[in-house]
Amino acid sequence: MSARPPIRVLLADDHTLVRRGVRLILDGEPDLTVVAEAGDGAEAVAAARATEADLAVLDVAMPRMTGLQAARELSRRLPRLRILILTMYDNEQYFFEALKAGACGYVLKSVADRDLVEACRSAVRDEPFIYPGAERALVRSYLDRLHRGGGLPERPITEREEEILKLVAEGHTSKEIGELLFISAKTVERHRANLLQKLGVRDRLELTRYAIRAGLIEP
């Protein structure tokens, strides 16, 4: 059996010494290799498009384009690229903004030597990496919403749309879905069009991918 190729990492930080230190950590692992470096967010976006990186590790505070702005841009342009935020800021606001921007992990520079390698591996496995302090932030945020009467965040789709999404992803036709849910095929098509619009996807394949990520079906 041939060995799996190493995870290709794009590293973006405006401090050369920091980049050098982080690169030493990552290149010291047999399954990780830094294939490109960038000094700001705009360079990171350009480098990601020019190389075949699997993972972008982005600092938050960079000139021209911040790491969070770069993360948003990369999430739109290169949805398969995994993104980690590496920062000195132990800040709830940045943490939530990072998740919103499409990052799958948030690592503090102060413990990068301990956490970064595992965060990289988790990101490529499509598993979120959350530093210990952030877990408290998530619980606190949830409790704050409860106290304000907000409850859980709104579901992006209705329960009926979720039912239809699951059946579409399982390969059923509109006619079959209508028969299963006792509604007309035309109503199914209307729900399906709403799903495409709400989720910002184009076709059945992307609906299926969303259903897998949402845990509605197994890959």
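Tracing side-chain contacts under 4.5 Å through hydrophobic residues (I, L, V, M, F, W, Y), one never reaches L78 starting from V35; they form parts of separate clusters. L24 and V111 sit in two unconnected hydrophobic clusters of ILVMFWY residues. Membership requires side-chain heavy atoms under 4.5 Å apart, directly or through other members.
Across all their heavy atoms, Y106 and Y89 have their closest contact at OH-O, 2.7 Å. Considering every non-hydrogen atom in both A36 and A47, the closest pair reads CB-CB, 4.4 Å. Summarising the geometry of A103 relative to I85, their closest heavy-atom pair is CB-CG1, 3.8 Å, with the distance given to 0.1 Å. Residue A71 comes nearest to L58 through the heavy atom pair N-CD1, 3.9 Å, listed as atom of the first residue, atom of the second, then distance. In terms of heavy-atom proximity, E43 sits nearest to G39 at OE1-N, 2.7 Å. Summarising the geometry of A48 relative to L74, their closest heavy-atom pair is CB-CD2, 3.5 Å, with the distance given to 0.1 Å.
Between L108 and D115 the shortest side-chain heavy-atom distance does not fall below 4.5 Å. The side-chain heavy atoms of L207 and D203, taken from C-beta on, include no pair separated by under 4.5 Å. With a 4.5 Å cut-off on side-chain heavy atoms, E163 and I177 do not count as touching. In this structure, L195 and L165 have side chains that are in contact, with non-hydrogen atoms separated by less than 4.5 Å.
For R4 and D31, the salt-bridge test fails: no basic side-chain N is under 4.0 Å from an acidic carboxylate O. Using a cutoff of 4.0 Å between basic side-chain nitrogens and carboxylate oxygens, R19 and D59 are not scored as salt-bridged. Ion pair D54/R80 not flagged as a salt bridge, since none of the NZ, NE, NH1 or NH2 atoms sits closer than 4.0 Å to an Asp/Glu carboxylate oxygen. The pair R20-D13 fails the salt-bridge criterion, with no side-chain N (NZ, NE, NH1 or NH2) lying under 4.0 Å from an Asp/Glu carboxylate O. Using a cutoff of 4.0 Å between basic side-chain nitrogens and carboxylate oxygens, R192 and E161 are not scored as salt-bridged.
Residues that satisfy the side-chain hydrogen bond (donor to acceptor under 3.5 Å, both in side chains) test with R76, not counting sequence neighbours, are E73. For the salt bridge (charged side-chain N to carboxylate O under 4.0 Å, His left out) test, residues two or more places apart in sequence or in another chain that qualify with K166 are E170. S174 is linked by a side-chain hydrogen bond (donor to acceptor under 3.5 Å, both in side chains) to E189, counting only residues two or more places apart in sequence or in another chain.
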D14/D40 under side chain to side chain contact (heavy atoms under 4.5 Å, CB included): CA gap, chis, key distance, verdict
CA-CA 6 Å; D14 57 322; D40 61 48; 5.6 Å; no
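The closest donor-acceptor contact from the side chain of Q69 to the backbone of M65 lies at 3.5 Å or more, if one exists at all. Under the 3.5 Å distance criterion, the side-chain polar atoms of T66 are left unmatched by any main-chain donor or acceptor of A61. When atom types are taken as modelled, the side chain of R72 and the backbone of A101 share no donor-acceptor pair closer than 3.5 angstrom. Between the side chain of E162 and the backbone N or O of T158, no donor-acceptor pair lies under 3.5 Å.
For K198, the NZ atom is densely surrounded, since the number of other residues' heavy atoms within 6.0 Å is greater than 12. Within a 6.0 Å radius of CZ in R160, other residues, nucleotides and ligands contribute more than 12 heavy atoms. With a 6.0 Å radius and a threshold of 12 heavy atoms from other residues, nucleotides or ligands, R202 has its CZ atom at or below the threshold.
Here the straight-line distance linking atom CD of E206 with atom OG1 of T208 works out to 10.0 Å at 0.5 Å rounding. To the nearest 0.5 Å, the span separating OG1 on T187 from CG on L181 amounts to 10.5 Å. Taking CZ of R82 as the reference point, atom CD of E127 lies at 11.5 Å (rounded to 0.5 Å). To the nearest 0.5 Å, atom CG of residue L205 and atom OH of residue Y210 are 15.5 Å apart. Distance SG/C120 to CD/E29: 9.5 Å, rounded to 0.5 Å. Between atom SG of residue C104 and atom CG of residue D126 there is a gap of 7.0 Å, rounded to the nearest 0.5 Å.
The hydrophobic cluster around M62 extends to none of the other residues, as no ILVMFWY side-chain heavy atom falls under 4.5 Å of it. L10 shares a hydrophobic cluster with no other residue; no ILVMFWY side chain has heavy atoms under 4.5 Å from its own. Here V34 sits in one hydrophobic cluster together with I7, V9, L11, V18, V22, I25, L26, L32, L55, V57, L84, L86, V107, L116, V117, V124, F129; the rule is ILVMFWY side chains under 4.5 Å apart, joined directly or through other members.
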